[in-house]
Protein chains: 2
Amino acid sequence: MDPQRPQVTLRMLADRLGLHVSTVSRALHAKPEEGRRAASSATIARIRELADELGYQPNPHATSLRTQRSNLVGVLVPRLSDLVLATVYEGIQEAARAQGLSTFVTNTKDEPDTQRAQTEMMLARRVDGLIFGDARADGALLAETAARGVPFVLVSRHVAGHTSVTCDDPLGGRQVAEHLLGLGHRDFAVIAGEPYASTGIDRTRGFLERCAEDGMTVPADRIVHSAFDARGGRQAADRVLDAPGPQPTALFAVNDFAAIGAMGALRDRGLSPGQDIAVVGFNDTPLAAELPIPLTSVRSPMHEMGRRGLDLLTRLLAGEPAPSERLAPTLVVRASSDRPPRS
Amino acid sequence: MDPQRPQVTLRMLADRLGLHVSTVSRALHAKPEEGRRAASSATIARIRELADELGYQPNPHATSLRTQRSNLVGVLVPRLSDLVLATVYEGIQEAARAQGLSTFVTNTKDEPDTQRAQTEMMLARRVDGLIFGDARADGALLAETAARGVPFVLVSRHVAGHTSVTCDDPLGGRQVAEHLLGLGHRDFAVIAGEPYASTGIDRTRGFLERCAEDGMTVPADRIVHSAFDARGGRQAADRVLDAPGPQPTALFAVNDFAAIGAMGALRDRGLSPGQDIAVVGFNDTPLAAELPIPLTSVRSPMHEMGRRGLDLLTRLLAGEPAPSERLAPTLVVRASSDRPPRS
DNA sequence: GCAAGATACCCAAACGTTTGGTCCAATCGT
DNA sequence: ACGATTGGACCAAACGTTTGGGTATCTTGC
C-alpha cells in the first residue's frame, strides 16, 4: 500500500485541507461534544475521509507525551512458558485490545530480585498500571509498589490488601477432597506447589479442610512442596512414594503439570495411575483430557481471570472502585480418578 | 522510595544544577565522544550523581518522538499458550532486554486476517521492527510487509526470500527416520502438523527423504495433517489407526503435544506406546522426559532461536547484513521408541 | 439594528527529549 | 603577543499531539 513508510501526521492532513492542525485533531478525536464545537460536520467528513485515505495513525508517543498517559499496561508473570500464566495473559491481552490498550509482558521466574527489576523497568517504560501474576504471599514488593501510588491488580494469586482476581482455590481444593472421599479414599498425599504462591496454599488448605470435616487428616510428610511443572511434580511424588510405610491411595497435585510428572513417578514404580492410585490435577489444562490416562482436574477459568484482571485495572485507572473477584472452579472427573481405592 | 510518582525530568536536573537541559542530556546520554565535548568531567559527575539520587528515568515517549525510534519490537506468534512459541518468545525477550529493547507480543491464531490486523496494530504502535513466529508458507502478508519497507525477521518457520532463524527441521526429520529405520521399523505414519507451517512440512520432508534413501516409502494416507496440540495429535492418530489394513509400527509426530495426543489415541486402542508402537515427537518439550512413558523427541533450540531472531533483527535495523540461520537439532531417544518393532 | 450567542475555526503553549549551532573564555603555537 | 584552537557550556528548533483560549462570521431575539 504505502510506498516506503512516510508516516502521516496531523499536519499533513491539515495542510492538505487548508485547516489548522488543532481542528483536524479535534475532528478525529472527539466524537460527542467537542467535535461539534470544533468543525462543521461537512469539514469533519472531509477530514475523516482524507485521514482514511492516507491511512492516518496517530503517533502514540506524541499522544502519550502530551497526555501523560501511555495506554500501556505491564504484566509480570513467573514464566510465559507456563501454560497457565500464558493463558491468563492471553485473556489480559484480549481485554486490553478491546480497550485500546497495549501490554508489555515479562518473566520474573518468581525471583524477588527479578520481580523488582522488572517492575522498575515497566515503570521506566511509563506504563499506566501493572498486573502481577507472580505475587508472593509475603507481598513486600506489592506493599512498596502500592505506597508509590502505582495502580495495579493481581491475577491468579492473591495477597491480602490488594485487589485481585483469582480462582476460588480453596473451593477447588474442597471439590477434589469431596470427590476422592466420595470414592472411599482415606490415604492422601498432596503435591502442594511453591510455598509462596497463594494458589497452591489455598488449594491445599481447601483440600485439607474438607478432609478434616470427615475426620480425615493428612500427615505432614504427605504434603510436599514442588515447582509448578512436570519435573517438580515428579520429584515431589518421588519423595512421597519413597517414604517408608503404606502408600497413599490418592494423590492431589495442585497443578496439572505437576500431576503429569507425578504420574511418571508412579509409572516408574509399576503403579498405574487411575488403577492403583488416583491422581487429580488442577487447572484442567487442554492436555489433561488428551493424556494416555485422562487426568481428573479442576477447571479454573484462566482466560477469564486475565480478562477480569485487566478490566479491574482499567476501573482502577478510572478511579472507580475495583473489588477483588473470585471465579468459580469446576471439577472434571476423568479416568485418572474414577474408581474406588483397591481394597 | 518516591512519595507519589513525581517523574523526574531533564529540566529538573538542569535547574537544580544551574545547567542547561541540553548539557544534562549529553552528559547522561553519550559516554564516548560526545560526552567529552559536552561538559567537564566534574560536571558530568555532578549530573550523574544527582540523576542517580533522584532516580531519573528518561521518558521513552519523548525520546521516541524526538529520535523517531521507539526501541520497540513487535512479535507475532500463533499463540502464546503454545509452549514452543512461548519459549521462543522468552528467548526473544531476553535478547531484547540485553539490547535495551522492549517487545510487544500478540497472538494471531494462525489466522491471516488476524495476522494482518495485528501487524497493522504493531505498526501503529510504531515498532522499529517485527518478528513473525507465525509465517505462512505462502508468504503473502510477508511480501506486502517487506514491500512497505518494514524490517522484520522470521523465527521458527521460514519462507523463501525472507531472513529467518529456524531449527534445521529437515535434518531433524532425517534423524527421526534414521533412528526408526535403525531399529528395524518399516511401517510408518507421520502426523505432519499444519500444512501452512514450514516446520511440519520440513520435518516431514526430511523424514520421508531419509526413508526413501532406504527404499522405504510412506503411503499418502499415513501422512496426516493436524493442529500442533494434543487434541490435534489425537485426532490425526485416530484417522491413521482407524484406517483399514495393517497398522504402522512407528509414528512420527512433528510436535510433542501432537505426540502426546497420539499416545492417548493408542492407549484407547489398547496399544502401548513404546511397546506395541514406537512414538517420536519433536521439540523436546520439558514435558517429554517426565511423561509416564518418556517421549523420544528431537530437541530444537527454541530459546536460542528467539535470541538469534532478535539479534538478527537488530542487525537488520542497523543496516547490517542479516543472513538466515539454521540451528542444529538433536535426537533424544527415550522409552517411547527404544525397542525394535514386534515381529 | 444591536447585544448576545452560536458556529467554525485558528493560535500557541506544552509534554520531555535530542542535536546542530553558537558563543565565550582559556589555552596554545609560534 | 596575536590569531587559532579547543573546552565547556548555552540556545533553539523540532518530533506530533492535545487543549485552553481566542476571534472572526453568522444567527437570533426583540
Side-chain angles (χ1 to χ4, degrees), chain A residues 5-48 51 54-72 100 123-126 128, chain B residues 5-48 51 54-72 100 123-126 128:
Chain A
R5 296 234 279 166
Q7 291 287 11
V8 183
T9 74
L10 280 186
R11 177 174 308 285
M12 289 185 201
L13 298 181
D15 287 354
R16 227 178 281 237
L17 291 168
L19 290 171
H20 193 267
V21 60
S22 67
T23 307
V24 179
S25 172
R26 284 190 238 254
L28 291 175
H29 204 55
K31 302 206 167 189
E33 320 84 52
E34 283 248 55
R36 286 264 159 272
R37 284 201 11 269
S40 70
S41 46
T43 308
I44 292 187
R46 273 201 310 150
I47 294 175
R48 289 245 163 85
L54 299 187
Y56 170 72
Q57 298 280 154
N59 183 316
H61 302 119
T63 303
S64 298
L65 183 57
R66 174 66 231 251
T67 62
Q68 303 288 68
R69 208 173 183 280
S70 62
N71 292 320
L72 254 29
L123 293 175
R125 270 284 175 191
R126 301 302 199 270
D128 291 335
Chain B
R5 296 234 281 164
Q7 291 286 11
V8 183
T9 75
L10 279 187
R11 176 174 310 285
M12 288 185 202
L13 298 181
D15 287 354
R16 228 179 279 238
L17 290 168
L19 289 171
H20 193 268
V21 61
S22 67
T23 306
V24 178
S25 172
R26 285 191 235 254
L28 292 173
H29 203 55
K31 303 204 168 191
E33 321 83 51
E34 283 249 54
R36 286 265 161 272
R37 282 197 18 262
S40 70
S41 46
T43 309
I44 292 188
R46 274 200 311 151
I47 294 175
R48 290 246 163 86
L54 299 188
Y56 169 74
Q57 299 278 156
N59 183 318
H61 302 119
T63 303
S64 298
L65 182 57
R66 174 66 233 250
T67 62
Q68 302 289 67
R69 207 175 187 278
S70 62
N71 292 321
L72 255 30
L123 260 21
R125 272 283 175 191
R126 302 301 200 270
D128 290 333

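FYI, side chains are in, hydrogens and waters are out, and symmetry mates aren't considered; it's all heavy atoms of this structure. Chain identifiers are assigned alphabetically (A, B, ...) following the order of the sequence lines, protein sequences preceding nucleic acid strands; residue numbering begins at 1 within each chain. Bear in mind the structure is a predicted one, so any value in this text is a computation, not a measurement.
- Distance, B:Leu28 CG to D:dA9 P: 14 Å, rounded to whole Å.
- Nearest nucleotide to the side chain of A:Ser22, out of C:dC10, C:dG16, D:dT17: C:dC10.
- Within the 3.5 Å criterion, the main-chain N or O of B:Val21 finds no donor-acceptor partner in the side chain of B:Ser25.
- Atom CG in B:Leu10 sits about 13 Å away from atom P in D:dC10, given to the nearest Å.
- Residue B:Thr9 is classed as a sugar-phosphate contact, given heavy-atom separations below 4.0 Å to backbone atoms only.
- Map B:Gln57 and A:Thr43 each onto its nearest nucleotide of DNA chain C; the residue landing nearer the 5' end is A:Thr43.
- Checked against side-chain contact (heavy atoms from CB on, under 4.5 Å), B:Gln57 has the following partners two or more places apart in sequence or in another chain: A:Ala124, A:Arg126.
- Here the P atom of nucleotide D:dA14 and the NE2 atom of B:His61 are 24 Å apart, to the nearest Å.
- Atoms CG (A:Asn59) and P (C:dT17) sit 16 Å apart, rounded to a whole Å.
- If you measure from atom NE2 of A:His29 to atom P of D:dT19, you get 6 Å, rounded to the nearest angstrom.
- Residue side chain A:Thr67 does not reach the base of C:dC15 through any donor-acceptor N/O pair under 3.5 Å, judged by distance alone.
- As rounded to whole Å, 9 Å separates atom P of D:dT17 from atom CD of A:Gln7.
- Of the candidates C:dG16, D:dT17, C:dC10, the closest approach to any side-chain atom of A:Arg26 belongs to C:dC10.
- By the side-chain hydrogen bond (donor to acceptor under 3.5 Å, both in side chains) test, B:Thr23 is found to be paired with no residue, residues two or more places apart in sequence or in another chain being considered.
- Proximity note for B:Leu65 (side chain, C-beta onward) versus D:dG16, C:dC15, D:dT17: the nearest is D:dG16.
- The side chain of B:Gln68 places no N or O atom within less than 4.0 Å of a non-bridging phosphate oxygen (OP1 or OP2) of D:dA14.
- Residues satisfying the side-chain hydrogen bond (donor to acceptor under 3.5 Å, both in side chains) criterion with B:Arg125, sequence neighbours excluded, are A:Ser102.
- Residues A:Ala62 and B:Arg46 both approach DNA chain D. Their nearest nucleotides, taken by heavy-atom distance, put B:Arg46 toward the 5′ side.
- For B:Ser70, the side-chain contact (heavy atoms from CB on, under 4.5 Å) test picks out A:His61, B:Ser64, B:Leu72, B:Asp128, with sequence neighbours left out.
- When the C1' atom of C:dC10 is taken as reference, atom CZ of A:Arg11 falls 13 Å away, rounded to whole Å.
- Shortest non-hydrogen contact noted between B:Ala27 and B:Ile44 is CB-CG1, 4.1 Å.
- For the segment residues 13-21 of chain A, residues with any heavy atom less than 4.0 angstrom from an atom of DNA chain C are, sorted by number, A:Gly18, A:Leu19, A:His20.
- Regarding A:Asn71, its CG atom lies at a distance of 19 Å from the P atom of C:dC15, rounded to whole Å.
- Regarding contacts with the backbone of C:dC9, a side-chain N or O of A:Ser40 is found under 4.0 angstrom from either OP1 or OP2.
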With a cut-off of 3.5 Å and sequence neighbours excluded, list every side-chain donor-acceptor pair involving residues 9-20 of chain B.
residue, atom, partner, partner atom, Å
B:Thr9, OG1, B:Arg11, N, 3.2
B:Thr9, OG1, B:Met12, N, 3.2
B:His20, ND1, B:Ser22, N, 3.0
B:His20, ND1, B:Ser22, OG, 3.0

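- Across all their heavy atoms, A:Ala62 and B:Leu65 have their closest contact at CB-CD1, 3.8 Å.
- As judged by a 4.0 angstrom heavy-atom cut-off over every strand, A:Thr23 is placed among the base-contacting residues.
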